[in-house]
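A short write-up of the structure that comes next.
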Amino acid sequence: MRRAIYPGSFDPVTNGHLDIIQRGCKLFDEIIIAVLINHEKTPFFSVAERCEILRAIVTDIDQAECTLTVESFEGLLVQYAADRQAHAIVRGIRAISDYEYELQMALMNRRLQPQLETVFMMPAEAYSYVSSRLVKEVFHLGGTIEGLVPGVVEERMRARSEALNPKSKVQDS
Ligand code: PNS
């Protein structure tokens, strides 16, 4: 039984994240998608909303024999992984620019918990430039995010922005 943790902010989850989850399903029997509770950041979606969105989305993934669960976590990732008796941490690497930060985290995590392996996975090239940060920036500036995030994310982002700024809806219609 090989259990992995796929940790992240997922604010919002992108098609790149989904691609990594799907690839991870070929390697692990169980993947826990773990949403970080970060009190320092002001997120677009709350942790509860992100978990809800992820749970809705993973049902559409071809999971093969892999069990996918979604949880939130707080504190040290290695401690959370030990609590869940996980064997590995999965992280996506898009470009060489991601590597330095990811290597630093992986080596720090290895120092803290030598038995825990970090597995780097590459998403499809089509998602190599997609990040949650850029998705939010493009969305806020009125650009299209179609094809970059799951449909449910796009709908919920639009609903959120209409709720915060009802005038934009009136002007659109
Ligand atoms: O999606 P992100 O924001 O790049 O994910 C970063 C994440 C959640 C993997 C990282 O911030 C993390 O592991 N945070 C938990 C706190 C921790 O263990 N910090 C030490 C990392 S070496």
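As a basis for the values below, the full set of heavy atoms in this structure was taken, side chains included, without hydrogen atoms, waters or symmetry mates. We number each residue from 1, following the sequence as shown. Atoms within a ligand are numbered from 1 in the order they appear, just like the ligands themselves.
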Pairs under 3.5 Å, nitrogen or oxygen of ligand 1 with protein nitrogen or oxygen:
residue  : atom   : partner : partner atom : Å
ligand 1 : 1 (O)  : S9      : N            : 2.9
ligand 1 : 3 (O)  : S9      : OG           : 2.6
ligand 1 : 4 (O)  : R91     : NH2          : 2.9
ligand 1 : 5 (O)  : R91     : NH1          : 3.3
ligand 1 : 18 (O) : L77     : N            : 2.8

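Judged as a side-chain hydrogen bond (donor to acceptor under 3.5 Å, both in side chains), and not counting sequence neighbours, the contacts of E102 are R91. Take F45 and apply the ring pair (Phe, Tyr, Trp, His ring centres under 6.0 Å) test, not counting sequence neighbours, and it matches no residue.
Two residues are said to be in side-chain contact when any heavy atoms from C-beta on lie closer than 4.5 Å; I21 and Y6 meet this criterion.
Grouped with L164 in a hydrophobic cluster is no other residue, since no side-chain heavy-atom contact under 4.5 Å to another Ile, Leu, Val, Met, Phe, Trp or Tyr is found.
Atom CE of M105 has more than 12 neighbouring heavy atoms from other residues, nucleotides or ligands inside a 6.0 Å radius. Within 6.0 Å of atom CZ in R23, more than 12 heavy atoms from other residues, nucleotides or ligands are found, so the atom counts as buried in its surroundings.
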